[in-house]
Each structure stands twice: as structure tokens, then as C-alpha cells.
Chemist: 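Take this structure, written in C-alpha cells, and hold onto it; I'll ask about it next.
Whatever order the structure lists them in is the order used to number ligands and atoms, beginning at 1.
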Amino acid sequence: MERLQKVIASSGYASRRKAEELIKAGKVYVNDQKVTQLGTKVNPSDDIRIDGQHLTLEKKEYYLLNKPRGIISSAHDDKGRKTVVDLIETNARIYPIGRLDYDTTGLIILTNDGTLAQKLAHPSQKVEKTYIAKLDKILTTEDFYQLKKGVVIEGKKVIPTKLKIKSKDKQKQTSLITISIVEGRNHIVKKIFNQLGYDVKKLKRESYDFLTLGNLKSGEYRELSLEEIKKLYR
Ligand code: URA
């Protein structure tokens, strides 16, 4: 038996707080009975209905995808474009944890485990993500050290946890930079380089916490192991 608000949150329907609000507002029915008492215990076999919609307590699934370019990082797209969820063969209602831009490639996790998704998305978790950015110029030594010290983006300083010049192409005047950050703001890597006067021509996420792409080719995915899921929960 588990607390109703926890079951709703782990189904991915809503956050724990939102679930509590829904219960208090009398929107939640368990086996056709309205429940307004927070902390009511339910069984996995109980039928939970919110605003007329039945909650499916699906088995939890976890995937690591190497996202190709030109794919949306959300569960649905209003314009009907292909999303990361379309690339995974499952009937579970999975969604990505965090976002990668339409033109960004690389590692993204998808799950229907709302509890894990909320935990990892929370800024206090400080999940380190590593990206490889191809810049439209060669990063100067001055800017490299400026970046190491941190760059203020929309009033908040971002200090990379790791920063390395991977390579420079003198002929094409481009450079490849490895940058790790714990920030989760949208377009953050592009904004960091834009701030210093560089354009990010290509961006790839190579790792998320301890997870790496390994041998996965663009568009390929694999399930996370139980060990990996436990580690993400820690
Ligand atoms: N930072 C960006 O600018 N884009 C991404 O997709 C991820 C991080």
C-alpha cells in the first residue's frame, strides 16, 4: 500500500504537490469513491481516476537514447514533428528528463518514472552533464580563462565544472570544446558561448552524471540497468 499522492506523482501525472492539490480539490477518485484525505493508502490494483482520466500504473521503464539532430525533446509536438519518444519502441507513456535543443544531439534519458524525473530535474541535484561544442571560431586563451572563471547568464553565474579545448582547426577556424556543467537552464551552453561572442555550430551531449553514450549510434537506444537506475536515485 502506498500514499495516494505518491502513487499519482510516480505515475508521472503530476508532481507530489500538484497531486496533493488535486486530492484536496476533490478531483481524485479511488474505485469510484471521491478521496479528499491526504495520505490515503492505495493498492497497485486500485482504480485511480483524476478529472475523469484513469491513471495507468505502468511498469517503470528507463531508456538512454542517442538523440539525432532534428528531433524534438518532448513527449508531444503541436506541429506533429517527430519527438524523442517516437524513436523508442514502447507503449509506456515515457517522456524525456530535461531537454536537448532540436539541433542538439546526444545523450537523453526517457522514462515514465515521475519520481526519478522530478528528482533529477531539481537544481539541488547538481547533475553534471558534459557537452562537446563546435564553435565558429577558435576559442582564444583569454576567453578560455574567462569561461573557466564563469560567465553570467541572465543574472546568474555559470561556472563549468570541466573545460577543455579538444581540438582546433586552424584552416576552418573552428574549435571543439568539452564543457561540463551542472546547470539545467534551456539553451545554456549556446548562451554561454554566445555571451563570449562565439556561435555554437554543433552541440552534442556526451554524458549525464555517470552515464555515457558508449557505442550507441545516432538514433539508437538501450534500457538502463537496475544498477544504473539505483545509482541515479542516490
Ligand atoms: N545547452 C544548449 O544550449 N542546448 C542544449 O540542447 C543543451 C544544453
Chemist: Do side-chain atoms of Y13 reach the backbone of V7 as a donor and acceptor pair under 3.5 angstrom?
Modeler: no
Chemist: Taking salt bridge (Lys or Arg N to Asp or Glu O under 4.0 Å) as the criterion, tell me which of K202, K190, K204, K201 meets it with D103.
Modeler: K190
Chemist: Give the intermediate values and the outcome of side chain to side chain contact (heavy atoms under 4.5 Å, CB included) for residues R49 and D32.
Modeler: CA-CA 8 Å; R49 196 155 44 85; D32 283 330; 2.8 Å; yes
Chemist: Would a single hydrophobic cluster contain both L216 and I88, if residues Ile, Leu, Val, Met, Phe, Trp and Tyr are joined by side-chain heavy-atom contacts under 4.5 Å?
Modeler: no
Chemist: Can R222 and E228 be counted as an ion pair, charged N to O under 4.0 angstrom?
Modeler: yes
Chemist: Which heavy atom of T105 sits nearest a heavy atom of P68, and at what distance?
Modeler: CG2-C, 4.0 Å
Chemist: So if I only count non-hydrogen atoms and take anything under 4.0 Å from ligand 1, which residues does that give, chain by chain?
Modeler: L100, D101, T104, Y131, H187, I188, V189, K190, L203
